[in-house]
Amino acid sequence: MEIITRLRGIKDILPDEIEKWKKIEQTFIEISELFGFKEIRIPIIENKFIFVKGIGTNTDIVMKEMYEFKDKKGREIALRPEGTASVVRAFIENKMYMKQKITKLYYYGPMFRYDRPQKGRYRQFYQFGVEIFGGKSPYFDAELINLLNIAFDKLGIREIIFLLNSLGCENCKDNYIKKIKGHLESNINKFCNDCKVRIEKNPLRIFDCKNISCKKTVEKLPSIIDFLCNECKEHFEKFIKLIEKFGIEYKIDPKLVRGIDYYTRTVFEVNFKNDEIAIAGGGRYDNLVRDMSGPDIPAVGFAVGIDRIVPLICDDKMIKNDVVFLVLLGENARKKSFEIMKNLIENKIKFETDYEDRSLSEYLRVVNKTGIRWCMILGDNEIEKGVVILKDMQTGKQELIENNEIVNKIKERIKC
RNA sequence: GUGAGUGUAGCUCAGCGGAUAGAGCACUGGACUGUGGCUCCAGGAGUCGGGGGUUCAAAUCCCCUCACUCACCCCA
């Protein structure tokens with residue numbers, strides 16, 4: 001029989017790596033909750049048109065990267081390629097805006113895009129995201145940057161830079177596009193084929209193109225920031241001032257336009273400095289709720305690519321400081337171990353053991369390989385005296401502990 | 001979707017037309033019998049990604065396919 005393998009671009013997350021994943025997930029969840037965000041769990045499959053409407057008909061995500069299928073009744077379904085459109089749908093459908101003015105939500109889970117796999121890019125990937133509904137002040141935009149910065153710092157990821165830009169409101173966008181369209185059309189031959197299409201359908205995306213000729217032509221264009229209306233300009237300036245107050249390393253990047261149509265005003269990305277890969281991205285989308293047939297409510301949010309952060313977490317801390325290995329010498333010790341385990345479980349102390357008939361030195365070798373720091377030795381000698389030995393595998397020091405003190409002593413040791 | 005590279009033991013790789021396909025690490029067992037990280041000995045392992053072709057002979061050459069990696073595109 002031929003073995004059936006996993007699908008292309010989709011991976012298993014094995015126990016070796018899971019601690020890193022948990023650390024990242026827990027960090028983002030914890031910090032978001034401290035900022036007052038509440039979790040929302042959105043479905044993995046949706047009506048396809050949620051994404052067509054939300055993300056934009058002409059975006060690559062919708063045109064070529066969505067997993068789509070028809071269900072048994074012929075309904076058009078899509079696996080979610082991102083979270084925001086679903087959250088907005090849920091926000092509107094459940095009339096969450098009736099509860100309070102500001103709604104702060106976070107979500108976490110797998111997203112799906114049918115893309116060619118590459119470094120940090122998988123067909124099933126994991127995003128953590130937050131959305132704030134109802135707030136139009138630049139303080140909200142800044143709060144998200146602050147949240148991201150705190151979280152990355154806590155994870156020990158410091159080689160990052162925030163790229164910031166503003167796309168303005170609908171009017172600013174229209175004005176700007178009108179201004180540059182003539183220039184684009186007169187230089188149309190200098191653009192690559194993709195950009196020729198973009199000029200018609202979504203001119204702002206030209207700024208994202210990495211083709212050298214396109215880049216050069218675009219460089220001569222005025223920046224969108226210079227075409228912002230007074231209100232948008234004020235919003236952006238205030239936002240930047242707040243970021244400066246945080247002391248965060250940032251760069252204004254007038255070419256940052258992003259590939260999703262719903263953004264207005266603030267857009268941002270967090271890039272890892274070494275290989276310029278975006279590990280988080282987001283921005284303001286003041287019209288999306290309205291455009292998806294909800295009330296006219298402004299919003300801002302971001303999404304973090306967990307898969308891209310995992311390799312950035314250093315794993316030199318392989319020593320398991322919070323686990324105790326039970327070394328059970330002989331049948332009497334094995335019998336007695338269940339009593340001890342019960343105590344450990346009640347006190348949420350992690351432990352491991354095997355029930356092999358080994359000598360002490362053999363056992364210590366086994367423990368050594370596991371990387372577990374604490375070792376509880378129990379044999380006939382100890383049982384007779386009503387004690388156990390607790391040994392620190394790192395320092396080699398050990399001490400005798402009375403039976404009734406086991407839990408307390410271990411707890412004490414684990415802390416340090 | 002486009003281009004390039006790579007698939008040989010659990011991992012990292014060697015072999016690149018010729019015999020029973022190897023090494024290091026890891027793993028298992030043993031020597032050391034209540035104090036480890038060492039050392040020594042032994043052992044298990046592989047449809048050489050899959051399919052087809054060329055050849056007396058294919059892991060090795062050719063074609064197809066699948067997967068991985070990298071870049072483009074795009075994005076988190």
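In this text, all values refer to a predicted model and were calculated from it rather than measured experimentally. Every chain is numbered from 1 and lettered A, B, ... according to where its sequence line falls, protein lines coming before strand lines. Excluded from the calculations below are hydrogen atoms, water molecules and symmetry mates; all remaining heavy atoms, backbone and side chain alike, are included.
- At a threshold of 4.0 angstrom between heavy atoms, the contacts of A/E269 with the nucleic acid are absent.
- Partners of A/K335 according to the salt bridge (charged side-chain N to carboxylate O under 4.0 Å, His left out) rule, which considers only residues two or more places apart in sequence or in another chain, do not exist here.
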Enumerate all atom pairs, one protein N or O and one N or O from nucleotides 1-4 of chain B, separated by less than 3.5 Å.
unit_1 : atom_1 : unit_2 : atom_2 : d
B/rU2  : O4     : A/R116 : NE     : 3.4
B/rU2  : O4     : A/R116 : NH1    : 2.9
B/rG3  : O6     : A/R116 : NH2    : 3.2

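- Among the heavy atoms of the strands lying under 4.0 Å from A/I389 is at least one base atom, whether or not backbone atoms are also near.
- Side-chain to base pairing of A/R6 with B/rC68: no donor and acceptor N or O lie closer than 3.5 Å to each other.
- As judged by a 4.0 angstrom heavy-atom cut-off over every strand, A/G282 is placed among residues making no nucleic acid contact.
- Geometrically, A/K104 does not engage A/F35 in a cation-pi contact, judged by NZ or CZ lying under 6.0 Å from the ring centre and within 45° of the ring axis.
- Counted by atom type alone, A/Y363 and A/E356 present zero donor-acceptor pairs between their side chains at under 3.5 Å.
- For the pair A/R158 and A/F152, the NZ or CZ position fails the cation-pi test of under 6.0 Å to the six-membered ring centre and within 45 degrees of the ring normal.
- Looking at A/E331 and A/R334, a side-chain N of the basic residue comes within less than 4.0 Å of a carboxylate O on the acidic one, giving a salt bridge.
- Using P as the reference atom, B/rC66 and B/rG24 are 38 Å apart when rounded to the nearest Å.
- For A/R8, no side-chain nitrogen or oxygen approaches OP1 or OP2 of B/rC66 to under 4.0 Å.
- Spacing between atom CD1 of A/I55 and atom P of B/rC75 amounts to 11 Å, rounded to whole angstrom units.
- Less than 4.0 Å separates RNA chain B from no heavy atom of any residue of residues 155-169 of chain A.
- Ring orientation note: the planes of A/F128 and A/F302 are tilted relative to one another, at an angle of 30° to 60°.
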- What one-letter contact string describes nucleotides 25-31 of chain B from 5' to 3', where B marks a base within less than 4.0 Å of any protein heavy atom, S marks contact via sugar-phosphate atoms alone, and - marks no contact? --S----
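- Residue A/G129 is classed as having no contact, given no heavy-atom separation below 4.0 Å to the nucleic acid.
- Within the 4.0 angstrom heavy-atom criterion, base atoms lie near A/G379.
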Shorter than 3.5 Å, N or O on both sides, protein versus nucleotides 5-8 of chain B: list them out with atom names.
none

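- The separation of B/rA58 from B/rA45, taken at their C1' atoms, amounts to 24 Å, rounded to a whole angstrom.
- Comparing the same atom, C1', in B/rA21 and in B/rG37 gives a spacing of 35 Å after rounding to whole Å.
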- Task: For RNA chain B, just give me the dot-bracket, please: Watson-Crick or G-U, both distances below 3.5 Å, ( ) intra-strand, [ ] crossing earlier pairs, | paired with another strand, . unpaired.
- Result: ((((((((.[[[[.)..(...]]]].(((((.......))))).....[[[[[..)....]]]]])))))))....
